[in-house]
Amino acid sequence: MKDALAPDPANPADSARKRETVGSTPPARRRPRSLRGHLARLLLPPLAAMLLVGATGAYFFAIAPATEAYDYGLVDAAHAIATRVHMDQGRAQIDLPAVAEQVVRADKYDMVYFAVRDPAGQLLAGDGGIPPPPPDAMQRDDVMLYDSVYWGDAVRVALFFLPCGEQRCAITVAETTVKRATLKRDILFGSVLPQGLLAFLTVALLVWGLTRGLEPLEVLSEEIRARSPNDLRPIDLSIEPEEVRPLLVALNQLFEEVAESTRSQQRFLANAAHQLRTPLAGLQAHTEIALSLPVTQACRAELEQIHQGTVRTARLANQLLALARAEGGAHRSAVFDTVELRRMAEDGANEWVHEALRRGIDLGFELEPASVRGDALLLREALANLVHNALEYTPSGGHVTVRCAKGARGEGALIEVEDNGPGIPSDERSRVLERFYRMPGTTGIGSGLGLAIVREIMQMHGGSIEIRDAIDAPKPAGCLIRLRFPAESGKG
Amino acid sequence: MRVLIVEDDPSLAAGQRRALQLEGFAVDVVPRGEAAIQCTEGERFDIVILDIGLPGIDGFEVIKRLRRGRHEMPILVVTARDSVGDRVRGLDLGADDYLVKPFANPELVARVRALVRRSQARTGPKIVHGPLIMDTVARRCFLNGQPLELAAREWAVLEVLLARVEKIVSKDTIIQAVTGWVEDISPNAIEVYISRLRAKLEPAGISIRTVRGFGYLLVDYPENAPAVAG
């Protein structure tokens with residue numbers, strides 16, 4: 001884990017490329033199986049089954065007594081008709097006045113049919129053709145109840161046997177099922193609808209609760225997603241639900257390990273660069289002495305090559321050092337200081353002026369009081385890189401101007417370095433910011449790291465770098481590089 | 001003039017010694033801080049060039065002990081580390097200037113010469129810069145042995161430049177030095193004094209360079225040194 005995340009100290013550009021790739025498509029974008037979906041899959045089926053059983057149960061518990069009540073009504077009607085049957089000389093007779101028959105038949109919803117038959121099966125009164133009971137018809141006391149079809153309608157039938165002498169008369173009362181169907185529908189709605197509503201509410205509550213419960217996690221993942229790859233500050237443990245604490249602790253541990261590994265890489269790089277400086281200083285001193293001695297022209301040319309190589313290597317060491325610092329710097333933003341840009345430029349001036357004088361370049365300053373929050377050493381390195389570049393590429397007799405200023409209202413402070421050298425063509429401007437890229441035909445001692453380092457440092461400060469044509473130079477010559485700091489850090 | 005180099009890297013020490021010898025300095029080299037303290041007990045040096053990263057006691061400790069021992073010679077710190085903290089710490093402890101490795105020989109020589117001159121100005125009345133001799137007590141100036149007439153303000157400007165040879169002296173600093181005894185003065189007036197000084201000094205090879213928008217710099221006098229002022 002450590003090794004996979006740590007940059008390769010021998011190849012900072014390689015590690016930078018890796019980080020850039022990581023930065024453009026953070027792995028956090030890939031959405032893993034969501035906890036919400038998982039819980040829903042886990043909870044919804046049993047919940048649905050429970051509701052189904054509940055609804056079914058409620059339906060059948062309610063439907064049985066309700067239909068029984070109607071059945072009793074039917075049986076009562078049969079009994080009422082039975083009271084009108086009497087024996088006359090051994091023969092069953094019925095005396096059913098029209099009024100009584102109307103009472104039996106009267107019903108608001110259903111058609112009511114009846115039939116009274118003597119023991120021989122002869123129809124005494126009522127409607128013929130009511131189907132006889134099926135073999136499995138339900139027998140309750142002395143009444144049989146069954147479902148059947150009459151005149152094309154579903155009917156409920158009660159068959160009552162009345163003792164007529166030695167034998168029995170059959171009294172059948174049938175009723176269409178409109179009332180019963182309505183009742184069934186009512187019961188169905190009355191029980192299933194609330195249950196369904198309850199189910200819907202439960203699911204809604206579940207989703208809402210999960211969303212609410214997971215909100216801190218969303219906030220947390222957003223925070224982690226928004227982090228730069230260099231930001232390895234630990235996550236605040238106090239703000240999150242207790243359940244995720246072990247995860248956070250583990251994450252923080254990982255962050256700390258990665259940070260420590262990065263720090264040790266940076267320490268290594270810094271130490272290596274520092275260690276290089278002393279032998280390089282010796283080499284440079286000796287070459288310069290050799291150059292001051294009377295030597296042959298050929299020998300002098302070789303010595304000059306060695307000298308240039310030394311200076312170049314020394315600068316490369318410095319730049320690697322700055323790079324190591326800038327890369328490790330993102331999580332140090334908390335310890336940024338107030339940096340006075342004017343002061344910084346004036347301090348640097350003493351280091352650059354000698355090179356400018358040696359090259360016969362007029363080095364000028366237009367400095368206004370301005371301050372930013374930042375890493376003093378790195379900002380100084382950024383400015384030094386720009387000035388060295390300008391001095392490098394501006395011919396003798398040229399001008400290089402260093403500016404700093406408070407930004408206009410709503411804008412951050414800025415630093416500018418302008419020269420009237422050959423300039424950078426528009427189509428090269430984005431490429432010169434890449435590491436180790438050198439413009440075709442470039443002759444200076446640069447490593448191609450300078451501007452890349454400046455960009456890195458500005459990114460770390462939340463600022464930007466912009467390359468444009470010089471204002472003072474005849475177009476298209478000259479180059480102006482502007483470093484712009486974020487507005488909020490430009491105040492104060 | 002005697003220089004003590006405290007440097008543990010033999011190659012760099014030899015290079016520095018040679019570069020300074022070529023400029024006529026008498027140079028001693030010691031590789032450790034303890035030896036440097038011992039050396040300065042018995043002998044007098046005009047300047048110490050001190051590496052910070054030494055085996056044994058480090059450069060900071062050497063500065064502390066030298067200053068505690070009431071040694072007042074200038075100390076030029078040479079460091080491979082360029083952190084602001086190191087610079088500030090060295091200067092706070094009593095170092096006079098610092099150089100970050102690697103550096104060009106002419107720069108080392110110029111810094112050494114400027115520091116020595118400054119300390120001489122502190123201890124003696126005469127400031128010497130090539131053919132220019134400035135007697136700050138008698139308030140007289142000589143160029144190539146001839147008396148040089150300087151107006152009071154020209155004198156003040158030259159004095160402040162001479163105190164910081166090879167370093168940029170800001171216009172503000174010059175104005176402060178000049179207005180010590182006169183009323184407010186405009187930056188334009190400073191330009192006038194500078195151009196008068198140039199007219200007087202440049203024929204003798206003494207060069208004052210303008211750092212546009214900032215100030216002026218008195219170039220180290222190029223006695224034997226490879227030309228610094230291109």
Side-chain angles (χ1 to χ4, degrees), chain A residues 270-271 273-293 307 310-311 313-315 317-318 321-322 325 337 342 345-347 349-367 375-377 380-381 384 396 399-403, chain B residues 7-23 51-53 78-87 97 99-111 164 166-170 172 207 209-217 219-220 224-230:
Chain A
N271 277 330
H274 281 137
Q275 295 297 327
L276 273 174
R277 282 177 165 175
T278 301
L280 282 171
L283 190 56
Q284 188 175 347
H286 287 289
T287 351
E288 281 173 8
I289 292 161
L291 276 167
S292 72
L293 300 173
H307 185 248
T310 311
V311 173
T313 315
R315 188 187 291 181
N318 282 346
L321 200 58
R325 222 182 259 135
D337 282 329
R342 179 181 185 164
E346 286 179 352
D347 284 348
N350 270 311
E351 280 166 31
W352 312 319
V353 71
H354 301 285
E355 193 185 342
L357 292 178
R358 193 160 52 236
R359 291 175 179 272
I361 293 167
D362 162 51
L363 179 63
F365 294 85
E366 293 168 17
L367 307 175
D375 181 318
L377 208 62
R380 198 183 152 116
E381 180 70 26
S396 181
H399 305 279
V400 170
T401 304
V402 179
R403 290 189 197 95
Chain B
E7 170 63 66
D8 62 310
D9 183 78
S11 167
L12 178 56
Q16 289 178 352
R17 178 214 290 264
R18 193 88 189 92
L20 288 164
Q21 279 173 343
L22 285 170
E23 294 296 319
D51 183 28
I52 287 294
V78 169
T79 171
R81 301 198 164 258
D82 58 358
S83 75
V84 170
D86 277 8
R87 292 177 199 207
D97 202 356
L99 262 180
V100 178
K101 293 177 188 176
F103 41 81
N105 287 343
E107 187 156 12
L108 174 70
V109 172
R111 299 275 183 110
R164 309 199 61 202
E166 283 286 299
K167 300 252 175 186
I168 305 170
V169 182
S170 72
D172 289 344
S207 165
R209 309 300 292 256
T210 305
V211 181
R212 180 163 43 88
F214 189 2
Y216 301 92
L217 173 145
V219 179
D220 186 36
N224 307 313
V228 177

Nearest heavy-atom approach of A/Glu288 to B/Pro106 is OE1-CD, 3.6 Å
Against chain B, label A/Glu351 side chain, backbone, both or neither, depending on which of its atoms sit under 4.5 Å from a heavy atom there.
side chain
Main-chain N/O of B/Glu166 paired with A/His354 side-chain donor or acceptor, under 3.5 Å
yes
Value for OG1 (B/Thr210) from CG (A/Leu357), rounded to nearest 0.5 Å, stands at 10.0 Å
How many angstroms lie between NZ in B/Lys167 and CG in A/Asn350, if you round to the nearest 0.5 Å?
5.5 Å
By side-chain hydrogen bond (donor to acceptor under 3.5 Å, both in side chains) - contacts of B/Asp9 (at least two apart):
none
Specify the closest pair of heavy atoms between B/Ala19 and A/Ile289, including all atoms of both residues, with the distance to one decimal.
N-CD1, 3.6 Å
Part of B/Ala104 within contact of chain A (heavy atom distance under 4.5 Å)
both
Is there a donor-acceptor pair under 3.5 Å between the side chain of A/Gln284 and the backbone N or O of B/Pro102?
no
Which bit of B/Leu217 comes within less than 4.5 Å of chain A, counting heavy atoms only: side chain, backbone, both or neither?
side chain
Nearest atoms (heavy-atom pairs only) where B/Leu12 meets A/Gly282
CD1-N, 3.4 Å
Assert top hit (heavy-atom pairs under 4.5 Å, partner chain A, pool B/Glu7, B/Glu107, B/Lys101) equals B/Lys101
Beyond-backbone contact of A/Ser292 with B/Leu22, side-chain heavy atoms, under 4.5 angstrom
yes
Counting heavy-atom pairs under 4.5 Å with chain B, which one of A/Leu363, A/Leu276, A/Thr278 comes out on top?
A/Thr278
Note: vs chain B, highest number of non-hydrogen pairs under 4.5 angstrom among A/Leu367, A/Leu280, A/Asp362 is A/Asp362
For B/Ser170, what residues pass the side-chain hydrogen bond (donor to acceptor under 3.5 Å, both in side chains) criterion, not counting sequence neighbours?
B/Thr173
Are the side chains of A/Arg277 and B/Val100 in touch, meaning some heavy atoms are under 4.5 Å apart?
yes
